[in-house]
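Quick notes on the structure that follows.
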Amino acid sequence: MLKHMQDALEAREFVLWYQPKVCLVSGRVLSAEALLRWPQQDGSFISPETFIPLAEESGLIAGLGCWVAEQAIADCAAWQAQGFAGIGVSINVSSVQFRCVSLSERIADKLGLTGLSPGNLELELTESLLIDDDEAVQQELARLSRLGVGMAIDDFGTGYSNISYLSRFQAQRLKIDKSFIMPLADAAADDRLVRAMLQIAASLNFRVVAEGIETQDCLERLQVLGCSEGQGYLWSPAMPLAAWLDYLAANVACAVPPGDWIHAAQGI
Ligand code: C2E
Ligand code: MG
Ligand code: MG
């Protein structure tokens with residue numbers, strides 16, 4: 001698999017797909033999450049949940065992650081130029097990437113080349129990355145923050161009970177993991193954990209993205225709870241770039257006005 005991955009990286013076989021993120025208050029499309037896909041010759045895909053851990057262990061994530069960042073910035077700059085100004089992009093970043101390459105430099109260079117405003121790029125970071133006290137990792141994060149790139153805490157609620165990093169780290173958003181959101185589709189499901197997460201987020205001034213909204217019932221429950229943003233199959237799974245552009249065109253009335261998506265006042 002590792003050899004197969006190296007070859008695929010050289011042959012540029014990996015592709016980025018995009019999944020919409022939506023404002024739960026206005027229904028407007030805000031941005032897209034870039035998600036890696038590895039197509040196979042038989043038409044199937046190897047899941048990122050299978051190949052990302054291997055890419056991290058082997059160090060391949062450095063090259064792959066830089067490609068993801070640069071491609072997502074280029075794609076976002078292109079759709080902004082095509083009339084979808086203000087629609088931002090998020091990328092997932094692994095902790096290993098910060099150790100291997102100067103990600104902040106590569107991102108700053110690509111933003112400069114494409115002219116994309118840093119406020120239209122967001123990095124989705126996992127809790128494990130944020131509690132990493134490696135000096136180099138923290139310096140890279142600080143550099144990216146100074147650049148004006150947005151930060152979101154991904155998979156919130158899974159894995160770590162020490163959440164002291166939340167108050168010291170400058171992120172704008174918390175993404176509640178889909179394992180907490182998907183059960184809400186059942187009206188009888190207990191929502192106390194999601195309520196508690198929303199309260200933590202509100203008191204620390206984070207906007208919240210609920211991941212894995214698949215049904216209208218789930219959406220309505222989150223709206224009542226006051227969750228500000230969401231993503232999930234209710235709107236669309238991740239799709240190839242061309243389909244994402246069609247999606248934007250079909251939902252253009254919902255697009256945010258030109259400006260800075262990350263810092264736009266969407267309210268909590
Ligand atoms: P993630 O960052 O938490 O991404 C969200 C995952 O939830 C995606 O799975 C997405 O397709 C899925 N999802 C979104 N809405 C729904 C829904 O309504 N129902 C269900 N069942 N699933 C939904 P995906 O694309 O398989 O990615 C899995 C994980 O792989 C990501 O989780 C992320 O941790 C990692 N990943 C993907 N692309 C990259 C990348 O470019 N770099 C890095 N480092 N990791 C990546
Ligand atoms: Mg993510
Ligand atoms: Mg997530």
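Any value given below was found using the heavy atoms of this structure, including those in side chains, with hydrogens, waters and symmetry copies removed. Whatever order the structure lists them in is the order used to number ligands and atoms, beginning at 1.
Looking from atom 6 (C) of ligand 1 to the surrounding protein, the closest heavy atom is Lys178 NZ, 3.6 Å. Looking only at heavy atoms of the protein, atom 15 (N) of ligand 1 is closest to Gln19 NE2, 3.1 Å. Among all non-hydrogen protein atoms, the one lying nearest atom 42 (N) of ligand 1 is Asn92 O, 3.4 Å. At the top of the distance list for atom 31 (C) of ligand 1, counting protein heavy atoms only, stands Leu35 CD2, 4.3 Å. In terms of protein heavy atoms, atom 30 (O) of ligand 1 is closest to Pro48 CB, 3.5 Å.
When non-hydrogen atoms are compared, ligand 1 lies under 4.0 Å from the side chain of Val68 (C-beta onward) but not from its backbone. The proximity of Leu16 to ligand 1, defined as any non-hydrogen pair under 4.0 Å, does not occur for either the backbone or the side chain. Contacts with ligand 1 closer than 4.0 Å are made by heavy atoms of both the backbone and the side chain of Leu36. Heavy atoms from both the backbone and the side chain of Ser94 come within less than 4.0 Å of ligand 1. Here Ile91 has no heavy atoms under 4.0 Å from ligand 1, in either its backbone or its side chain.
Evaluated by nearest non-hydrogen atom to atom 23 (C) of ligand 1, the leading choice among Phe51, Trp67, Tyr233 is Tyr233. Of the candidates Glu214, Glu33, Lys21, the one placing a heavy atom closest to atom 4 (O) of ligand 1 is Glu33. Of the listed options Arg37, Glu49, Gln97, Glu211, Arg37 places a heavy atom closest to atom 25 (O) of ligand 1.
Residue Asp154 has at least one nitrogen or oxygen atom sitting less than 3.5 Å from a nitrogen or oxygen atom of ligand 1, judged on distance alone. Every N/O-N/O distance between Ser47 and ligand 1 stays at or above 3.5 Å. For Gln231, no nitrogen or oxygen atom sits less than 3.5 Å from a nitrogen or oxygen atom of ligand 1, counting backbone and side chain alike.
For atom 38 (N) of ligand 1, the nearest protein heavy atom is under 4.0 Å away. Distances from atom 1 (P) of ligand 1 to the protein include at least one heavy-atom value under 4.0 Å. Remark: atom 9 (O) of ligand 1 lies closer than 4.0 Å to no protein heavy atom.
When only modelled atom types and interatomic distance are considered, Gln19 and Glu33 share no side-chain donor-acceptor pair under 3.5 Å. A donor-acceptor contact closer than 3.5 angstrom links the side chains of Asp177 and Ser179. Side-chain N/O atoms of Ser145 and Gln170 include no donor and acceptor closer than 3.5 Å. Side chain to side chain, Gln216 and Glu220 meet the donor-acceptor criterion of an N or O pair below 3.5 Å. In this model, no donor atom of one side chain and acceptor atom of the other lie less than 3.5 Å apart for His4 and Glu13.
Within Asp155, the N, O or S atom at minimum distance from the Mg ion (ligand 3) carries the name OD1. Counting just the N/O/S atoms of Glu33, the one with the shortest distance to the Mg ion (ligand 2) is named OE2. Of all N, O or S atoms in Glu211, the one lying closest to the Mg ion (ligand 3) is OE1.
Contact between Trp235 and Leu24 at its shortest, heavy atoms only, is CH2-CD2, 3.7 Å.
At a threshold of 4.0 Å, the pair Asp217-Arg221 does not count as salt-bridged, since none of the basic side-chain nitrogens sits closer than that to a carboxylate oxygen. Note on Glu124 versus Arg173: no salt bridge recorded, every NZ/NE/NH1/NH2 to OD/OE distance being 4.0 Å or above. Salt bridge annotation for Glu127-Lys175: absent, with no cationic side-chain nitrogen under 4.0 angstrom from a carboxylate oxygen.
Ring pair Trp79/Tyr18 is perpendicular by interplanar angle, where above 60° counts as perpendicular and below 30° as parallel. Using the six-membered ring where Trp is involved, Trp17 and Phe45 have ring planes that are perpendicular, over 60° apart on the 30 and 60° scheme.
Between the CG atom in Leu111 and the CG atom in Asn120 there is a gap of 9.5 Å [rounded to 0.5 Å]. Rounded to the nearest 0.5 Å, atoms CD1 (Ile107) and CG (Leu144) are 5.0 Å apart.
Contact check for Val15 versus Pro240: no side-chain heavy atoms found under the 4.5 Å cut-off.
At least one heavy atom of Met182 sits under 4.0 Å from some atom of ligand 1.
Around atom CD of Glu105, no more than 12 heavy atoms belonging to other residues, nucleotides or ligands sit under 6.0 Å away.
Angle subtended at the Mg ion (ligand 2) by Glu124 OE1 and Asp154 OD2: 90°, rounded to 10 degrees.
Shown in contact with Ile213 at under 4.0 Å from a heavy atom are these atoms of ligand 1, numbered in order with element: 18 (O).
Ser90 lies apart from the Mg ion (ligand 2) in this respect, since none of its N, O or S atoms is found at a distance under 2.8 Å.
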